[in-house]
Amino acid sequence: MAKSSSVSEFLLLAVADTRELQLLHFGLFLGIYLAALLGNGLILTAVACDHRLHTPMYFFLLNLALLDLGCISTTLPKAMANALWDTRAISYQGCAAQVFFFAFLITAEFYVLTIMSYDRYVAICKPLHYGSLVGSRACAQMAAAAWGSGFLHAVLHTATTFSLPLCQGNALDHFFCEIPQILKLSCSDAYLREVGALLFNVSLVFGCFVFIVLSYVQIFRAMLRMPSEQGRHKAFSTCLPHLAVISLFISTGMFACLKPPSISSPSLDLVVSFLYSVVPPAVNPLIYSMRNQELKHALWKLMTRCVSEAINFHSTSADD
């Protein structure tokens, strides 16, 4: 990707003015990052190791955990390094990499969440056809389509954004590189190409949102027709985590995109960007494990096995 201007680095938004607050932010970011690594890592390990979780629902949950890990790893490590070393700089190449990976992962995550709503729709509304409609081959194809669409989306937007000439400085009002912030630095009418691409992407997102809403309308109608209260409770329990995750994802993203310019400020923009880019990857594992008995059992089994192996290892070492 050739540079389109003389900009060699960008300056990210400073999260704090004093050294004490910078270190406090570093500690906060580190704690959230470690929690996200632990939570998503446990889900990945539990789903991979427990054969009872080798089902379509947990296959998509595994994909979601992978995307959450990648998404938070794209933004927080650089923010932590800047807070720790009291700097704001990020290289041109590093900024382009952040834009690419964040666009890739966040788009693929929304598509995976959309597919998960289809999985719940088939499981509850068409249970007799579940094996044929959401088999292993279909799951692999849908997951590949989500990841591939995210990749193409990221290539398109990253190439378009970084082909624009930049003449409005190099300071970004954000703690990581994001396309709208870079477009503010453009001095060319060519930015309309990227705006057009963003509008096209918004239309795709809206289409996925409508699909999710229609899926849950059918799901709730099917649950109301269930004769057994236990069956309704079980169906609702399998849908509730996905509903919570998708609500958090969409609400934070929509507020970031649609908040009125009159209330915009660097501090508010920082909080909003933190909400949609950092909070969901950190809390998604907690949401999915709170009411999911199968997942909690697998996680407990995994942790007890690890503790048991650690005790046996120390006992063996002491005997030697």
Hey, does the side chain of [X] reach the backbone of [Y] with a donor-acceptor pair shorter than 3.5 angstrom?
X      : Y      : value
Thr161 : Thr158 : no
His157 : Ile179 : no
His25  : Leu21  : yes
Ser163 : Thr160 : yes
Arg120 : Cys239 : no

Exercise: identify the closest heavy-atom pair between [X] and [Y]:
X      : Y      : value
Pro280 : Leu248 : CA-CD2, 3.8 Å
Leu105 : Cys71  : CD1-N, 3.4 Å
Ala235 : Met223 : CB-SD, 3.6 Å
Thr114 : Phe211 : CG2-CD2, 3.6 Å
Phe175 : Leu76  : CE1-CD2, 4.4 Å
Thr74  : Gln98  : O-NE2, 3.1 Å

Could you walk me through whether Leu214 and Val210 pass the side-chain contact (heavy atoms from CB on, under 4.5 Å) check? CA-CA 6 Å; Leu214 292 177; Val210 170; 3.9 Å; yes

How long is the gap from [atom1] on [X] to [atom2] on [Y], to the nearest 0.5 Å?
X      : Y      : atom1 : atom2 : result
Phe26  : Trp85  : CZ    : CH2   : 9.0 Å
His297 : Asp50  : NE2   : CG    : 7.0 Å
Glu229 : Lys234 : CD    : NZ    : 15.0 Å
Ile43  : Asn284 : CD1   : CG    : 8.0 Å
Asn40  : Leu286 : CG    : CG    : 11.0 Å
Leu172 : Arg88  : CG    : CZ    : 9.0 Å

Group every Ile, Leu, Val, Met, Phe, Trp and Tyr by side-chain heavy-atom contacts under 4.5 Å, then state whether [X] and [Y] land in the same group.
X      : Y      : result
Leu113 : Val213 : yes
Leu23  : Leu28  : yes
Leu37  : Ile287 : yes
Leu30  : Ile32  : yes

Begin from the C-alpha positions of Tyr111 and Leu204 and carry the test side-chain contact (heavy atoms from CB on, under 4.5 Å) through to its verdict. CA-CA 10 Å; Tyr111 289 150; Leu204 290 178; 3.8 Å; yes

Would the Phe209 and Phe249 ring centres measure less than 6.0 Å apart?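 Phe209 vs Phe249: aromatic centres not under 6.0 Å.
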
Does the ring centre of Phe60 sit less than 6.0 Å away from the ring centre of His242? no

Distance-only side-chain donor-acceptor flag, Tyr130 / Asp119, under 3.5 Å: yes

Does the side chain of [X] reach to within under 4.5 Å of the side chain of [Y], using non-hydrogen atoms?
X      : Y      : value
Cys95  : Ile182 : yes
Gln93  : Glu9   : no
His174 : Leu12  : no
Leu44  : Leu69  : yes
Ser117 : Ile246 : no
Met80  : Tyr33  : yes
Phe151 : Val155 : yes
Met116 : Asn63  : no

Please walk me through it: do Tyr118 and Val122 pass side-chain contact (heavy atoms from CB on, under 4.5 Å)? CA-CA 6 Å; Tyr118 172 74; Val122 176; 3.6 Å; yes

side-chain contact (heavy atoms from CB on, under 4.5 Å) partners for Gln22, two or more places apart: Ala16, Arg19, Asp86

Could you walk me through whether Gln181 and Val99 satisfy the side-chain contact (heavy atoms from CB on, under 4.5 Å) test, starting with their C-alpha distance in whole Å, then the side-chain angles of each, then the deciding distance to 0.1 Å, before giving a yes or no? CA-CA 11 Å; Gln181 296 297 327; Val99 167; over 6 Å; no

In terms of the angle between their ring planes, are Phe101 and Phe104 parallel, tilted or perpendicular, with boundaries placed at 30° and 60°?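 Ring orientation, 0 to 90° scale: tilted.
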
Which label fits Tyr92 and Phe10: parallel for a plane angle under 30°, tilted from 30 to 60°, or perpendicular past 60°?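 Plane angle under 30°, so parallel.
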
Show, in sequence, the C-alpha distance, side-chain angles and deciding distance for Tyr121 and Tyr216, and conclude whether the ring-ring contact (aromatic ring centres under 6.0 Å, His included) test is met. CA-CA 7 Å; Tyr121 162 76; Tyr216 271 101; 9.8 Å; no

